[in-house]
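One structure is given here, and the rest of the page talks about it.
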Amino acid sequence: MSEEKSLNFIEEIIEEHLKEGRYKSIITRFPPEPNGYLHIGHAKSITLNFTLARKYGGITNLRFDDTNPVTEETEYVDSIKDDIRWLGYEWANEFYASDYFEQLYEYAVDLIQKGLAYVDDSTSDEIAALKGTPTEPGKDSPFRNRSVEENMKMFSDMRAGKYKDGEKVLRAKIDMSSPNMLMRDPVIYRIKHAHHHRTKDHWVIYPMYDFAHGQSDSIERITHSICTLEFVPHRPLYDWLIEKLEIFPSKQYEFARLNMTYTVMSKRKLLQLVNDKVVDGWDDPRMPTIAAFRRRGYTPEAIRMFCEKIGVARRDNLIDYSLLEFCIREHLNETAPRAMVVLNPLKLIITNYEEQKSEWLKAENVPNNPEDTRDIPFSNTLWIEHDDFMESPDKKWHRLSPGGMVRLKHAYIIQCNEVVKDDNGNVIALHCTYIPESKSGNDTSGIQVKGVIHWVNAPTAVDAEVRLYDRLFTIEDTADIEGDFKEYINPDSLKVVQAKMEPWLAEVENGSRFQFLRNGYFCKDKTSSPALPVFNRTVTLKDTWQKEKKKG
RNA sequence: UGGGUUAUGGUGUAAUGGCAGCACUACAGAUUUUGAUUCUGUCUGUCUAGGUUCGAGUCCUAGUAACCCAACCA
């Protein structure tokens, strides 16, 4: 109906802010750290931030949170930009936290001068020891009461490179007995003599996340700084720093991150899969990265539909992978041209069709437009799917069996007369007869058959490699895993088969998507060569027959 | 056992004191030259115990469970 879609809690907050005049328009940002590839969880955040700004007449900045030179690389910056554009979003400004390093340094000086920050000579272990535990308060550092002058001098010396890594840090002076661990004098600057992907060797001190993120938001006058739930305890610190620095009051709002069945979503684990060669790179089609979904054949429309459907809330969630599959099938069913490809070939010879004869048959490219057709060759030797033949079927079987009849899609009805086997009893070929009056579109035979199977003309068929992907993990909720998560990798997550296909598929562009009739949706892979086309299975078709079989 | 956050079908997500709805999944049926698509229908839910109220998923009290916080990561 014309019923309005209900608002998520962030939209409600924004509408309230707009109504009361707190803001005239909004500014959001997407703040990735360039230390890995974006995954489907980031897509949720991207979609949220960009659609919010679009909906309420604002803008979204892309800001790289690049405050840790040790883990960050330009390769990641580039991939992140590619992925966001591919998803269909364009940022208003491309910023980097590292653009603000000088300003951030000034903010730190301001804090020191206000008596709200101090240089601590303690080691990392000593700081940890004095921090206390969630149930016990921490203790003051012996360096907590240095004079402003001494702190100024030392912080300046830190910047000047007079100390080694770890020798000193700058800490905010807040409250060592706070029940919130993050308020127990958090470290805000540390020394790292490391090369930064943008500022090169200009700096040897780098701000921590908490001293960079909120301030960067403030500098950009972000009105709604949206992040995930694990940052909730950071919010008091976020607000404290903005208040003490007396800068534009950006506000942080948190939502629950995306979790999905049969996969992992942490960058640390994904990096491990890449480094340990469990998968073939960040864009291995089994990965939950955006680059992987793209390579696998997912469309931006499907990913966006998914992100809209999962909603935005504050409770932990575990989304069924089947919802994502629903979204991609929904889109590809409308848009993907059909083709006939045999994944597990079995030779079929039509004994009453002249050996030298061949003809062209009309096949529709998409079911919703019968005008759009192609011509496909037909002769007496075909490939059919091995799984479409069963020697002793049960009553529910619609496909080919000895003596049985079936229609060849876009072609004729055939009857199986003879099963050819090798010495081991394996079926290696079928001899059939066809019914000339049963030609598709011009059937005067009057014969009704239940089954329709796809096929490929053997003399003109092209060989191809087809990669069949399945879920990456064997268990639904990977958060339940204790010990090494890699032990739960699905050993059958990739199956490679040699297929026979219509010849024109060898010529299509890499990245184009098709429905291989009765099998699923497939996308031509970038590793295709003229000699060997390669296709990735995006997703299978829904298969009620498989279910029927499993029921036994 | 300190602080914070969250509890609605199998999974997500609505209902802002007034008929517990929508989507996915599952199941059943119809249509079908893709066992696809499409169409129709069915099952399943307010964490627990009290209380306030004509009326509670919603408000109050007390529990319970799950998740997050002790990196010089973000």
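When reading the values below, keep in mind they use all heavy atoms of this one structure, side chains included, and skip hydrogens, waters and symmetry mates. Residue numbers start from 1 in every chain, and the chains themselves are labelled A, B, ... in the order their sequence lines are given, proteins ahead of strands.
Contacts of A:Leu323 with the nucleic acid, taken as non-hydrogen atoms under 4.0 Å apart, involve only primed sugar atoms and P, OP1 or OP2. Among the protein residues, A:Arg315 comes within range of the nucleic acid bases, having at least one heavy atom under 4.0 Å from a base atom. Note on A:Glu136: nothing from the nucleic acid sits closer than 4.0 angstrom, heavy atoms only. Residue A:Gly441 is classed as a base contact, given a heavy-atom separation below 4.0 Å to a base. Contacts of A:Ile310 with the nucleic acid, taken as non-hydrogen atoms under 4.0 Å apart, involve only primed sugar atoms and P, OP1 or OP2. A:Val449 comes within contact range of no nucleotide atom at all, as no heavy-atom separation falls under 4.0 Å. Using a 4.0 Å heavy-atom distance criterion, A:Asn519 is classed as making no nucleic acid contact. Nucleic acid contact for A:Ser322: sugar-phosphate only, since backbone atoms but no base atoms lie under 4.0 Å from a heavy atom of the residue. Within the nucleic acid shown, A:Asp65 comes within 4.0 Å of sugar-phosphate atoms alone, with no base atom in reach, counting heavy atoms only. Note on A:Arg399: a base of the nucleic acid sits closer than 4.0 angstrom, heavy atoms only. Residue contacts shown for A:Ser122 include a base, since a base heavy atom lies under 4.0 Å away. Among the atoms of the strands shown, none is found under 4.0 Å from any heavy atom of A:Lys267. Using a 4.0 Å heavy-atom distance criterion, A:Thr67 is classed as a sugar-phosphate-only contact. Using a 4.0 Å heavy-atom cutoff across all strands shown, A:Tyr189 reaches no nucleic acid atom at all.
Annotated as syn: B:A71, whose glycosidic dihedral is within 90° of 0.
Between B:A74 and A:Arg190, a contact under 4.0 Å exists linking OP1 or OP2 to a side-chain N or O. Distances shown here put a side-chain N or O of A:Arg314 below 4.0 Å from the OP1 or OP2 atom of B:U6. In this structure, A:Lys450 does not reach the B:U32 phosphate: none of its side-chain N or O atoms is under 4.0 Å from OP1 or OP2. For B:C72, the OP1/OP2 oxygens have a side-chain nitrogen or oxygen of A:Ser124 closer than 4.0 Å. One finds no side-chain N or O of A:Arg235 lying less than 4.0 angstrom from the OP1 or OP2 phosphate oxygen of B:G3. A close approach under 4.0 Å does not occur between any side-chain nitrogen or oxygen of A:Lys396 and OP1 or OP2 of B:G35.
The pair A:Arg257-A:Asp316 does not count as a salt bridge, with every side-chain nitrogen at least 4.0 angstrom from each carboxylate oxygen. With salt bridges taken as basic N to acidic carboxylate O contacts below 4.0 Å, one links A:Asp121 and A:Arg146.
Base pairing of B:A65 is made with B:U6, judged by Watson-Crick or G-U wobble geometry with both donor-acceptor distances under 3.5 Å.
For the C1' atoms, the distance linking B:A28 with B:A66 amounts to 36 Å, nearest Å. Comparing the same atom, P, in B:A7 and in B:U34 gives a spacing of 46 Å after rounding to whole Å. The separation of B:G51 from B:G55, taken at their P atoms, amounts to 12 Å, rounded to a whole angstrom. Nucleotides B:G57 and B:C67, compared at atom P, are 28 Å apart to the nearest Å. Using atom C1' as the reference point in both B:G17 and B:C59, the two lie 8 Å apart (nearest Å). Across B:U11 and B:A71, the matching C1' atoms stand 34 Å from one another, rounded to whole Å.
Distance CG (A:Leu270) to P (B:C73): 21 Å, rounded to an integer number of Å. Atom CG of A:Asn317 and atom C1' of B:U6 are 12 Å apart (whole Å). If you measure from atom CG of A:Asn259 to atom C1' of B:G12, you get 12 Å, rounded to the nearest angstrom. One interatomic measurement links the two molecules: CZ of A:Phe326 to P of B:U11, which rounds to 19 Å at whole-angstrom precision. Separating the NE2 atom of A:His196 from the P atom of B:C73 is a distance of 13 Å, rounded to the nearest angstrom.
Once the 5.5 Å centre distance and the 30° plane angle are applied, the aromatic ring of A:His213 is found not to be stacked with the base of B:A74. Put simply, A:Tyr209 does not rest on the base of B:A74: the two rings are not both less than 5.5 Å apart at their centres and under 30° in tilt.
Between A:Phe95 and A:Tyr100, the two ring planes are tilted [angle within 30° to 60°]. The aromatic rings of A:His213 and A:Tyr209 are tilted relative to each other, their planes meeting at an angle between 30° and 60°.
Nucleotides of RNA chain B nearest to A:Ile319 and A:Arg329 differ in position, and the one nearer the 5' end is that of A:Ile319. Ranked by how close their nearest RNA chain B nucleotide is to the 5' end, A:Pro32 and A:Ser438 are led by A:Ser438.
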Checklist entry - Please walk me through it: do A:Lys439 and A:Glu359 pass salt bridge (charged side-chain N to carboxylate O under 4.0 Å, His left out)? => result CA-CA 12 Å; A:Lys439 187 170 175 175; A:Glu359 64 183 302; 3.3 Å; yes
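A donor and an acceptor atom sit less than 3.5 Å apart, one in the side chain of A:His234 and one in the base of B:A74.
Evaluation of the ring pair (Phe, Tyr, Trp, His ring centres under 6.0 Å) rule for A:His197 yields no partner, not counting sequence neighbours.
Looking at A:Tyr189, its side chain does come within 3.5 Å of a backbone N or O of A:Tyr105 through a donor-acceptor pair. At least one donor-acceptor pair under 3.5 Å links the side chain of A:Asp185 to the backbone N or O of A:Ile174.
Side chain of A:Leu541, nearest nucleotide from B:A36, B:G35, B:G12: B:A36.
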